[in-house]
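See structure below.
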Amino acid sequence: MSILTHILRPLIHHWARAALPDESGRLTVPGLTARVRIVTDGGGVPHILAENEGDLFFAQGWLHARERLWQMEVTRRFATGELAELLGDQPLTSPDVTVHLAGGRVSDFDLFSRAFGIARAARASRANLDERSHAAADAYAAGVNRSIEEAIEGRRLPPEMRLLRAEPRRWDGFDVMLLSKVLAFSLSHCWRVKLTSALLAQRLGPDSARARELIGTAEWPERPRIVPDAERARPTATTPSTSSMRGGGRGRSVADLLAMDRGLRRTGGSWGQHLGSNSWVVDGRRSSSGGPLLANDPHLQLTAPGLAYLVHLRGGDYDVMGASFPGAPGIVLGRNRRIAWGCTNVMADDVDWFVERTRDGTHYLDEGEVWREIEVLEETIQIKGRPPRVERIRMTSRGPIMTDVIGRSSGDAAAATDRGADGDGATADGVSPPLRDDGFGIGLAADEVLSMSWTAERSPGAEGRAILELGRASSWEEFTGALRFFRAPAQNFIYADVDGKVGYHTAGWFPRRRGGGARPTPTRAWTGEGAGEGDGVPFEELPSVLEPASGAVITANNKIHDEDYAHYITDYWDPPYRARRIGERLDDRRVHTVESFGAIQREVTSVQARALVTDVIAPLAAEIRRDHPGDLRALDAIVGGPTCEDPWDFLCDVGSRGAAAFHAFLVGLSETVIRPQLGASLHRALSETFNGYLLQLEAMLRGDGAWIPRRSRARVVAGALKRAAAILEERLPDGDWRWGRLHRVTFNHAFHGNPMLAPLFDVGPFEAPGSSYTPWNGQFYFTEPFDQVSGPAYRHVSDLAETPPCMHALGSTGRSGNPVSPRYRSDAPLWFAGGFRTIHFDEDQFDRGAPVLDLGPG
């Protein structure tokens with residue numbers, strides 16, 4: 001810890017202690033119309049008890065801002081492209097961003113966010129709200145504003161704002177809509193996959209066997225479907241090729257776009273290769289209580305404070321509890337007295353890329369060879385301590401021209417173009433610069449640009465209304481009625497009710513693309529080959545099931561439907577490992593309980609490792625020992641041998657030697673087989689954007705392909721195992737190869753990148769169980785092994801027959817956003833133990849003597 005940190009600590013503690021809110025007492029709060037009580041139970045979960053709906057959402061906004069104002073302000077500015085106004089135009093210090101965008105600054109993030117259209121999509125969604133939802137949003141914003149006024153008047157602003165000498169601006173109903181679009185941006189990953197696919201096609205050739213093996217969709221034996229018996233079967237949709245781009249022309253790097261996105265996601269708390277989730281539900285035939293059981297654990301970036309805020313809301317027609325997200329009213333994931341729900345990411349194909357032909361920079365060529373004028377949006381980016389930056393974002397009918405964003409850095413990007421001696425573009429620090437006019441970039445002619453179409457902006461929904469209607473729904477019909485308003489991010493929703501029904505419904509907007517399948521990426525806009533038709537897939541035709549014959553539904557970002565489903569939704573499913581293991585655990589018992597569901601959420605058996613070791617590595621062990629001698633300690637740790645007698649049990653717990661060796665083997669395989677052919681930049685883009693990258697590697701090992709011919713399999717596996725031993729020796733030279741020593745997690749604060757401030761605000765690091773594809777998700781990147789980047793940000797289990805009614809849930813760190821509060825880190829130990837807080841609906845179940853904050857109207 002630096003000397004400056006020691007100096008800052010007392011000052012920050014002083015500011016933080018001054019900002020600590022009371023949990024009991026009487027307060028007059030102007031803006032309320034009647035009395036509101038906030039009761040904090042023994043687990044630190046607040047129960048907001050109001051007499052009417054308006055006061056309920058006012059109090060929720062007031063409480064969110066009282067405890068998470070800094071988090072809310074960063075999220076809002078992330079969405080609107082106003083970080084430079086808060087942070088100043090600091091240089092981009094993240095290594096991957098600095099090299100790709102040398103000289104880049106925070107205002108470049110702001111320009112990227114504005115071009116992508118997060119705020120534009122939110123504005124369009126707000127226009128779709130009904131009167132009741134508008135009133136809830138406005139009441140919530142009014143509560144936030146009252147809390148801000150109190151903090152300013154009482155000099156109780158969060159310590160982060162006092163450090164930055166910043167004050168939050170007032171909120172309005174538009175700001176309340178931003179959160180859902182931040183989530184839509186965070187959970188959209190196909191656009192990065194498509195750009196990376198285009199880069200791969202350029203490097204390897206679009207029709208090469210190696211490109212197909214890397215970009216294609218690898219199948220897996222007995223791949224589980226969410227709705228395996230889709231009732232609306234129609235002819236199978238076809239999927240065109242992955243890229244229609246030609247080679248040559250003026251190289252225009254998309255690696256810069258990927259790098260900018262990476263840095264922005266890290267700053268905004270949405271960093272993860274494939275942020276996803278688990279959820280499952282069983283009916284009363286498979287539960288000990290005779291009622292449905294439902295579980296959900298969304299996998300998001302693990303931040304400090306956590307993304308979820310547990311709360312119980314009661315007032316008007318609402319009596320609902322679960323995970324709220326600071327910045328918006330209502331409960332996103334949870335239950336009321338009648339129904340429970342959860343969701344996982346569909347991994348939707350929600351972004352399309354187009355090559356646009358331009359003329360004089362002012363017109364673009366549309367379908368039918370018609371020239372249309374480019375719309376220009378003038379954006380003024382306010383910068384703390386500096387004059388504002390004024391930029392122009394050009395728009396076509398499809399969306400923003402994203403290649404305009406690159407090359408307009410406020411700094412000097414020239415330093416990033418030097419090529420290193422290794423031939424793949426690495427700079428002196430070993431990180432690759434942008435892929436430019438060297439055969440890597442997408443070939444664009446001098447008059448061509450890339451535009452982007454995002455479903456969140458193209459077909460805005462009313463997600464705020466959907467969330468509010470879910471909170472008061474009491475039946476399957478009302479539940480699915482609410483989902484009609486939910487368009488982006490597209491989600492898999494599961495359902496259970498007190499009458500014993502369970503079900504599943506896809507929610508989202510999916511364009512009906514010409515040809516019925518995925519659009520080649522990118523396509524030439526003026527040809528019409530990628531044009532969409534109609535208004536998207538009708539809600540009634542989306543995959544769904546009520547009361548499934550099996551009595552269970554499992555969703556883990558895996559494939560939704562069988563091949564005879566009529567419409568194209570996506571090809572970007574997650575590998576099926578988590579879904580398969582959840583299914584195995586459900587089948588292990590005749591009936592389940594809250595406790596057994598919690599155990600499944602803590603499950604760290606790797607189905608991926610079990611299959612790969614059993615089918616490939618173990619059968620090759622004797623040949624490797626005979627023909628490829630060397631350091632075989634990694635092989636011994638996995639299959640058993642002289643240096644580790646017992647074979648690995650495929651558990652990825654923190655004490656596992658086999659888990660450390662196996663995951664180092666996967667990293668070694670990627671480094672020795674893929675990276676030399678792609679170079680550092682493209683290898684990074686591939687491994688950090690393709691959610692199915694490990695599935696592709698596994699398919700290569702099992703098959704007889706261009707990357708790993710069958711005759712070379714033993715040699716390739718031996719080389720990867722030796723590389724694994726070298727990785728482990730370098731990181732753990734004492735020979736104590738425990739997984740938890742490698743695989744660690746830190747709940748990162750927004751100041752994580754500042755070495756002086758991070759120790760004061762981060763939570764961790766901790767040894768972490770799980771891996772990228774175990775039900776307890778512990779995702780890490782091959783290019784930055786083995787630090788965990790995302791995981792279960794919230795866990796929830798509900799038994800719909802349990803009396804008195806309650807739910808069992810937990811966030812990741814704690815309720816408070818104040819680093820000196822005992823509630824800032826209070827949930828972390830229970831999170832690692834896999835425990836829950838039990839939250840009750842009825843006041844007679846609250847803890848005796850629970851603190852009560854009594855709010856009266858002013």
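As the structure is a prediction and not an experimental result, all values here were calculated from the model.
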*Under 3.5 Å, is there a donor-acceptor pair between the Thr570 and Tyr568 side chains?*
no
*List the atom of Met161, the atom of Pro168, and the distance in Å for their closest heavy-atom pair.*
SD-CD, 3.6 Å
*Would you find a donor on one side and an acceptor on the other, under 3.5 Å apart, between the side chain of Asp89 and the backbone of Val106?*
yes
*asked:* Distance alone, cut at 3.5 Å: any donor-acceptor contact between the side chains of Asp297 and Tyr794?
replied: no
*Evaluate the criterion side chain to side chain contact (heavy atoms under 4.5 Å, CB included) for residue pair Trp341 and Tyr495; output intermediate values, then yes/no.*
CA-CA 5 Å; Trp341 70 93; Tyr495 168 90; 5.5 Å; no
*Are side-chain N/O atoms of Asp130 and Ser133 paired as donor and acceptor at under 3.5 Å?*
yes
*Are Glu375 and Arg394 close enough, and set up right, to give a salt bridge (charged side-chain N to carboxylate O under 4.0 Å, His left out), and what steps lead you there?*
CA-CA 6 Å; Glu375 180 185 2; Arg394 295 189 297 167; over 6 Å; no
_Check: Asn296 side chain, Asn278 main-chain N or O, donor-acceptor pair, under 3.5 Å_ = yes
*Is the Lys NZ or Arg CZ of Arg372 less than 6.0 Å from the centre of Tyr364's six-membered ring, within 45° of the axis?*
no
*Check whether the side chains of His299 and Gln779 place a donor and an acceptor atom closer than 3.5 Å, and report yes or no.*
no
*Please determine if Arg484 and Glu540 form a salt bridge, counting it only when a charged side-chain N lies under 4.0 Å from a carboxylate O.*
yes
_Keeping Arg120 on the side-chain end and Ala115 on the backbone end, is there a donor-acceptor pair under 3.5 Å?_
yes
*Donor-acceptor contact present, side-chain Lys194 to main-chain Val351, <3.5 Å*: yes
*Name the one of Arg314, Arg472, His312 that satisfies side-chain hydrogen bond (donor to acceptor under 3.5 Å, both in side chains) with Asp319?*
His312
*In terms of side-chain heavy atoms, does Ser453 have a donor or acceptor partner in Asp352 at a distance below 3.5 Å?*
no
_Can you confirm whether Glu463 sits close enough to Arg487 that some side-chain heavy atom of one is under 4.5 Å from a side-chain heavy atom of the other?_
yes
*Return the minimal non-hydrogen interatomic distance between Ala328 and Leu179, and the atom names on each side.*
CB-CD2, 3.8 Å
*Between Ser125 and Lys181, what is the shortest heavy-atom contact and its length?*
OG-CE, 3.0 Å
*Out of Arg386, Lys384, Arg77, which one pairs with Glu85 under the salt bridge (Lys or Arg N to Asp or Glu O under 4.0 Å) rule?*
Arg77
*asked:* Whether the side chain of Tyr309 engages the backbone of Gly322 through a donor-acceptor N/O pair (distance < 3.5 Å, no angle test) should be reported.
replied: no
*In terms of side-chain heavy atoms, does Ser790 have a donor or acceptor partner in Gln301 at a distance below 3.5 Å?*
no
_For Phe174, does the six-membered ring have the charged nitrogen or CZ of Arg126 within the cation-pi criterion, i.e. under 6.0 angstrom from the centroid and within 45° of the normal?_
no
*With a 4.5 Å heavy-atom cut-off, do Phe58 and Tyr140 have their side chains touching?*
no
*asked:* I'd like to know if the side chain of Ser324 pairs up with that of His64 as donor and acceptor (distance under 3.5 Å, no hydrogens or angles considered).
replied: yes
*Establish, from distance only, whether the side-chain atoms of Thr344 and Ser279 form a donor-acceptor pair under 3.5 Å.*
no
*Polar side-chain atom of Ser186 near backbone of Val182 as donor-acceptor pair, under 3.5 Å*: yes
*With respect to Cys343, which candidate in Leu333, Ile494, Asn492, Val332 satisfies the side chain to side chain contact (heavy atoms under 4.5 Å, CB included) definition?*
Leu333
*Go through the steps for Arg389 and Asp108 under the test salt bridge (charged side-chain N to carboxylate O under 4.0 Å, His left out), then give the verdict.*
CA-CA 10 Å; Arg389 176 179 174 183; Asp108 298 322; 2.7 Å; yes
*Examine distances only and state if a side-chain atom of Ser113 and a backbone atom of Phe109 form a donor-acceptor pair shorter than 3.5 Å.*
no
*Answer with yes or no whether the side chains of Asn345 and Gln491 bring together a donor and an acceptor at under 3.5 Å.*
yes
*Would you mind telling me which of Arg169, Gln382, Arg114, Arg76 makes a side-chain hydrogen bond (donor to acceptor under 3.5 Å, both in side chains) with Glu82?*
Arg169
*Does any N or O in the side chain of Asp350 come within less than 3.5 Å of the main-chain N or O of Pro489, such that one atom is a donor and the other an acceptor?*
no
*Between Gln60 and Gly330, is there a donor-acceptor pair closer than 3.5 Å when you use the side chain of the first and the backbone of the second?*
yes
